[in-house]
Amino acid sequence: MSSPQTQTTISPHNLQPLVTRTYPSESELDAKIERAAAAQKQWSRVPLKDRVAIGRKFLDEFKAMGSEISMELTTQMGRRVSPVSQVPGEVRGTLERATYMLDIAETALTDVSLADTDKPGFRRFIRRTPLGVVLIIAPWNYPFLVSINSVLPALIAGNTILLKPSPQTPLSAERLVLALTRAGVPPDAVQVVHLSLPLTLFAVQHQLVNFVSFTGSVAGGQAVEKAAVDAAGFKGVALELGGKDPAYVRADADLDYTAAELVDGAIFNSGQSCCAVERIYIHESIYDTFVSKFVDVVKGYKLGDPTLPETNLGPVVSVASADKIRKQVADAVKAGARALIPEDLFPAAKPGTAFVAPQVLVDVNHTMDIMMEETFGPVVGIQKVSSDAEAVRLMNDSPYGLTASIWTNAAANPESEVAFLALVDELETGTVYLNRADSIDPALGWTGVKNSGRGISLSKFGYDQLTRAKPVHMKIKTS
């Protein structure tokens, strides 16, 4: 068990200590922040094209680490090491997001000219300037994918970074920063800081920290925001929080395709994704057929040691998380839900371990936590609906709003695409998908509403969040 001065990462699959890190003292953390602030003055003077060139060198450095990352990440947070869709997929996705943000950097960060409307003798433009020191508090579930959303664009925009990783994935942050410094980012411009809760709040409130980007729980986001509000001065806070993401399967959906895709959307990474599909609404005319197909796909999963190639479902992150998930399922069943997956199909899922059997619950309703509160595990509730209107009402009946997906045969039925676009306007959510889920396109950005947070990462708007507009108004002729 970690002492107040250290943190120890426990491997979920064998519950053994993996690595320990020592926290800095408050004065040591203060010195790190001061070095970051001093480095930012120099880093922001590096021409943008040179910062982008360093970013492209980072791509090569990070790609070269791929073979080391796989087992390292698996032992930290339990995701299965194979096939390519899991840990190597995170490396690939990180590179794809980084490449896109580098490709658009010069366009997104260039001065906005107003020459077309300038009066004679005047020149006006808007410059994007860096914020300063950015504290990024990253989660454990996708430590590279989530971190890169803010770390790289913040650096390219001329900020310096303090990266505070989850205690579950300290090695991932260290590896990301190693790749950046090898590529040419000055060491003081991007630093890993392993922090206790009091030290994290100290960093949030530090006068030299100009912006905070937090990804994690709603409670964690509230604590970060309160700390920022209580600090002297004013600083920006971006919050990417929880989700209880819904899917709606319309009557004309391709059921074989949709069932397989939604199982993946619900169970990938053991359901530990902020945008995992956690509740599904099915049109009554196809309900029984869909549920049968969905259950058949789930029964084909193999739960076990994530380091073994035959495993395609690993543990959740901790025994505490597993216990919380099991309780949510048990409470739903006690309230009248039916569990469709026999527990004996997954013998690894034993009490006292982090292994949780996938589960499909029917006869659910919105009085149950399983349909209202984030599960963050390989469990999904399925509810019958009679119309688009009922589906949208239930999808919106949530404290969260990160993503939502609609499944309908738009290719064969043009009216289904029209219906989808009408539903887009009704849904209270960040991203709306058609016939896919749990996927992030860096060109579209990433955002949420309600308790899923505020702010935006990725896309050109991600650069806007990490800079401020500085209007420049020049009167050139004075006589």
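Taking CD of Q191 as the reference point, atom CG of L135 lies at 11.5 Å (rounded to 0.5 Å). To the nearest 0.5 Å, atom CD of residue E174 and atom CD of residue E72 are 8.5 Å apart. Interatomic distance, Y142 OH to E90 CD, rounded to the nearest 0.5 Å: 7.5 Å. To the nearest 0.5 Å, atoms CG (L195) and CD (E26) are separated by 11.0 Å. T20 OG1 to Q5 CD: the interatomic distance, rounded to the nearest 0.5 Å, is 13.0 Å. Here N149 contributes atom CG and E240 contributes atom CD; the two are 8.0 Å apart, rounded to the nearest 0.5 Å.
A donor-acceptor pair is defined here as one N or O able to donate and one able to accept, closer than 3.5 Å; such a pair exists between the side chain of S459 and the backbone of F461. Although no hydrogens or angles enter the test, the distance criterion places no donor-acceptor pair under 3.5 Å between the side chain of R21 and the main chain of L171. No donor-acceptor pair under 3.5 Å is formed between the side chain of T9 and the backbone N or O of L18. With Y463 contributing its side chain and M101 its backbone, the two residues share a donor-acceptor pair below 3.5 Å. The closest donor-acceptor contact from the side chain of D188 to the backbone of R35 lies at 3.5 Å or more, if one exists at all. Using modelled atom types, no side-chain atom of N396 and backbone atom of L427 make a donor-acceptor pair closer than 3.5 Å. Of the possible polar contacts, none joining the E374 side chain to the K244 backbone as a donor-acceptor pair under 3.5 Å is found. Side-chain atoms of Q168 come within 3.5 Å of backbone N or O of Q76 as a donor-acceptor pair. In terms of modelled atom types and a separation under 3.5 Å, the side chain of T75 and the main chain of S11 share no donor-acceptor contact. Distance alone, capped at 3.5 Å, is enough to place a donor-acceptor pair between the T447 side chain and the G455 backbone.
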Between T467 and T129, does a side-chain contact (heavy atoms from CB on, under 4.5 Å) hold up when you go through it step by step? CA-CA 5 Å; T467 56; T129 62; 5.8 Å; no
Take D438 and D264, measure what side-chain contact (heavy atoms from CB on, under 4.5 Å) needs, and give me the verdict at the end. CA-CA 9 Å; D438 193 17; D264 185 67; 5.8 Å; no
Yes or no on side-chain contact (heavy atoms from CB on, under 4.5 Å) for F144 and I69, after CA distance, side-chain angles and deciding distance? CA-CA 10 Å; F144 293 113; I69 288 172; 3.5 Å; yes
Stepwise, does the side-chain contact (heavy atoms from CB on, under 4.5 Å) test hold for V277 with F268? CA-CA 10 Å; V277 175; F268 189 89; over 6 Å; no
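In this structure, V91 and K63 have side chains that are not in contact, with every pair of non-hydrogen atoms separated by 4.5 Å or more. Looking at heavy atoms from C-beta onward, L155 lies out of side-chain contact with R51 at the 4.5 angstrom threshold. The closest side-chain heavy-atom distance from E278 to D245 is not below 4.5 Å. Considering only heavy atoms from C-beta on, N269 comes within 4.5 Å of M77 through its side chain. A heavy-atom distance below 4.5 Å is not found between the side chains of K470 and F125. In this structure, the side chains of Q359 and Q328 stay at 4.5 Å or more apart for every pair of heavy atoms. Put simply, the side chain of F202 does not reach to within 4.5 Å of the side chain of V209, judged on heavy atoms. Taking the side chain as every heavy atom from C-beta outward, L73 and S172 approach each other to under 4.5 Å.
Test V212, N210, V229, V134 against K235 for side-chain contact (heavy atoms from CB on, under 4.5 Å) and you get one pass: V212.
Salt bridge absent: K57 and D60 never bring a charged side-chain N and a carboxylate O closer than 4.0 Å. Ion pairing between R123 and D118 fails under the 4.0 Å rule for side-chain N and carboxylate O.
Heavy atoms only, all atoms of each residue included: A266 and A276 are closest at O-CB, 4.5 Å. Considering every non-hydrogen atom in both A348 and L303, the closest pair reads CB-O, 3.9 Å. Heavy atoms only, all atoms of each residue included: L466 and L131 are closest at O-CG, 3.5 Å. Nearest approach of A469 to P471, heavy atoms of both residues: O-CD, 3.6 Å. When all heavy atoms of L163 and A138 are compared, the pair lying nearest together is CD1-CB, 4.1 Å. Closest heavy-atom contact between A354 and A322: CA-CB, 4.0 Å.
Ring-plane geometry between W140 and F376 is classed as perpendicular, the angle between the planes exceeding 60 degrees on a 0 to 90 degree scale with a lower cut at 30.
L102 meets the side chain to side chain contact (heavy atoms under 4.5 Å, CB included) test with V52, R56, L59, L152, I156; sequence neighbours excluded.
Counting non-hydrogen atoms of other residues, nucleotides and ligands closer than 6.0 Å to CD of E34 gives a total above 12.
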